[in-house]
Amino acid sequence: MSIGFIDSGIGGLTTLCDCIKAYPHNDYVYIADTLYAPYGSKSKEFLTDRANALIDKLKRLGAKAAVFACNSCSSATAHTHMNGIPVIRVLPHPEEVLKQTKGKALLLATPVTINSKVVKDVSHERLTKAANDCLAMMIEECAPDFFRLKRYIKELLAPYSDYEAVIAGCTHYIYLIGIIKELFPQFKVCHSNGETVEKLKEFSQEKGQGRVDIHITGKGDKEKYYGIIDSLLSV
């Protein structure tokens with residue numbers, strides 16, 4: 001038995017590696033659905049149908065639980081169980097960040113996430129929501145040399161330089177934390193991987209072999225994925 005992870009590409013590896021650090025004895029199966037990337041501009045109906053298909057594949061591969069390691073996919077579905085197995089969704093929680101800060105906060109996410117009910121229901125005078133439909137794919141294309149995006153990130157976030165917090169509403173954006181902190185050291189950069197790690201606790205085991213199996217539906221280099229995993233685990 002293993003834990004399944006779904007993302008459109010490398011973004012969910014940030015979530016996977018946080019879970020591996022917490023539960024190293026689990027076996028993990030990761031599906032990078034590059035055939036249909038990016039997810040951030042897809043319809044809710046498409047993402048729900050795609051999630052069902054990928055969960056079926058994870059079940060055939062022995063997964064006992066599935067993690068939507070993608071904010072876009074997570075925002076498009078409201079299910080706690082799909083096809084007979086529990087589902088853990090990675091979602092932004094700006095209300096929690098607002099409780100921990102006094103200044104303004106920026107939620108940066110894909111259009112699907114920004115337009116989802118879970119985000120639309122959160123309204124606060126200190127919160128700004130910004131949709132970006134290209135950053136996730138830019139991260140995919142430049143990986144693992146994310147510092148190639150430094151100039152773009154500087155221009156993107158410059159209008160918010162007086163803000164206190166930036167909420168990474170896409171698991172891809174977590175790769176940019178080092179760049180953001182270098183350019184804007186005043187920012188508190190927040191994401192929801194910690195909550196996902198906590199939710200996964202009940203499905204974890206103590207005697208597994210700690211194997212990670214990567215599956216890519218379209219274009220992609222498995223060795224690149226394993227290299228990113230090694231890099232993230234070494235931090």
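Linking ILVMFWY side-chain heavy atoms closer than 4.5 Å, directly or via other members, places I55 and I31 in a single hydrophobic cluster. F68 and I216 sit in two unconnected hydrophobic clusters of ILVMFWY residues. Membership requires side-chain heavy atoms under 4.5 Å apart, directly or through other members. When hydrophobic clusters are built by joining Ile, Leu, Val, Met, Phe, Trp and Tyr residues whose side-chain heavy atoms come closer than 4.5 Å, directly or via intermediates, F187 is grouped together with L135. Cluster annotation: F147 and V166 are assigned to the same hydrophobic cluster (Ile/Leu/Val/Met/Phe/Trp/Tyr, side-chain heavy-atom contacts under 4.5 Å, transitive). No continuous path of hydrophobic side-chain contacts links F46 to M137 [ILVMFWY only; heavy atoms under 4.5 Å].
Y173 places a side-chain heavy atom less than 4.5 Å from the side chain of I139. With contacts defined as side-chain heavy-atom distances shorter than 4.5 Å, the pair E164/Q186 does not qualify. At least one side-chain heavy atom of T217 sits under 4.5 Å from a side-chain heavy atom of R50. Residues C70 and V90 are not in side-chain contact: their nearest non-hydrogen atoms beyond the backbone lie 4.5 Å or more apart. Residues H191 and I174 meet the side-chain proximity criterion, which asks for heavy atoms closer than 4.5 Å. Residues I153 and L176 have side chains in contact (heavy-atom distance under 4.5 Å, counting atoms from C-beta outward). In this structure, the side chains of I229 and I214 come closer than 4.5 Å at one or more pairs of heavy atoms. At a threshold of 4.5 Å between non-hydrogen side-chain atoms, the residues K64 and K59 do not count as touching.
Between the side chain of R126 and the backbone N or O of L98, at least one donor-acceptor pair lies under 3.5 Å. Using modelled atom types, no side-chain atom of S74 and backbone atom of R89 make a donor-acceptor pair closer than 3.5 Å. With D27 contributing its side chain and R211 its backbone, the two residues share a donor-acceptor pair below 3.5 Å. Between the side chain of K129 and the backbone N or O of V119, at least one donor-acceptor pair lies under 3.5 Å. Side-chain atoms of E140 come within 3.5 Å of backbone N or O of I10 as a donor-acceptor pair. With hydrogens and angles disregarded, no donor-acceptor distance shorter than 3.5 Å links the side chain of Y225 to the backbone of A32. Checking side-chain atoms of Y30 against main-chain N and O of G4 turns up no donor-acceptor pair under 3.5 Å. Looking at K104, its side chain never comes within 3.5 Å of a backbone N or O of A165 through a donor-acceptor pair.
With salt bridges taken as basic N to acidic carboxylate O contacts below 4.0 Å, one links K150 and E182. Between E195 and K199, at least one side-chain N (NZ, or NE/NH1/NH2) sits under 4.0 Å from a carboxylate O, which counts as a salt bridge.
Put simply, the residue from I228, N193, L232 that forms a side chain to side chain contact (heavy atoms under 4.5 Å, CB included) with C17 is L232. For the side chain to side chain contact (heavy atoms under 4.5 Å, CB included) criterion with P94, the lone passing option out of L106, T128, V118, L127 is L127.
More than 12 heavy atoms of other shown residues, nucleotides or ligands fall within 6.0 angstrom of atom NZ in K224. Within a 6.0 Å radius of NZ in K117, no more than 12 heavy atoms belonging to other residues, nucleotides or ligands are found. The environment of NZ in K154 is sparse: at most 12 heavy-atom neighbours from other residues, nucleotides or ligands sit within 6.0 Å. For K57, the NZ atom sits in a packed shell: over 12 heavy atoms of surrounding residues, nucleotides or ligands are nearer than 6.0 Å.
From Y36, atom OH reaches atom CG of L54 across 9.0 Å, with rounding to the nearest 0.5 Å. We find the CG-OG1 distance between N71 and T113 to be 5.0 Å, quoted to the nearest 0.5 Å. The SG atom of C190 sits 12.5 Å away from the NE2 atom of H93 when rounded to the nearest 0.5 Å. Note that the CD1 atom of I179 and the CZ atom of R151 stand 13.5 Å from one another [nearest 0.5 Å]. How far OH of Y152 is from SG of C142: 12.0 Å, rounded to the nearest 0.5 Å. Distance check: L157 CG to L108 CG gives 6.5 Å after rounding to the nearest 0.5 Å.
Under the 3.5 Å distance criterion, with hydrogens and angles disregarded, no donor-acceptor pair is assigned to the side chains of D33 and S8. No hydrogens or angles considered: nothing links the side chains of T171 and T14 as a donor-acceptor pair under 3.5 Å. Side-chain contact check for S41 and D133: no donor-acceptor pair (N or O, by modelled atom type) lies under 3.5 Å.
Aromatic ring pairs are classed by plane angle as parallel below 30°, tilted from 30° to 60° and perpendicular above 60°; the pair F146 and Y175 is parallel. Aromatic ring orientation, Y160 versus Y163: perpendicular (interplanar angle above 60°, classes split at 30° and 60°).
Across all non-hydrogen atoms, the minimal contact from P92 to I167 is CB-CG2, 4.5 Å. Closest of all the heavy-atom pairs between T34 and K219 is OG1-O, 2.8 Å. The minimum heavy-atom distance between D7 and A69, with the atom names listed, is OD1-O, 3.0 Å. Counting all heavy atoms, side chain and backbone alike, Y23 lies closest to V197 at OH-O, 2.6 Å. The two residues V97 and T101 make their nearest non-hydrogen contact at O-OG1, 2.9 Å. In terms of heavy-atom proximity, P86 sits nearest to F203 at CG-CE2, 3.4 Å.
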Side chain to side chain contact (heavy atoms under 4.5 Å, CB included) assessment of Y39 paired with L47: CA-CA 7 Å; Y39 276 179; L47 291 175; 3.6 Å; yes
Side chain to side chain contact (heavy atoms under 4.5 Å, CB included) between V29 and L58, worked out: CA-CA 7 Å; V29 180; L58 286 174; 3.8 Å; yes
S192 vs L91, side chain to side chain contact (heavy atoms under 4.5 Å, CB included): CA-CA, chis, key distance, verdict: CA-CA 6 Å; S192 52; L91 293 167; 5.5 Å; no
Side chain to side chain contact (heavy atoms under 4.5 Å, CB included) assessment of M138 paired with L149: CA-CA 8 Å; M138 293 171 70; L149 295 175; 3.6 Å; yes
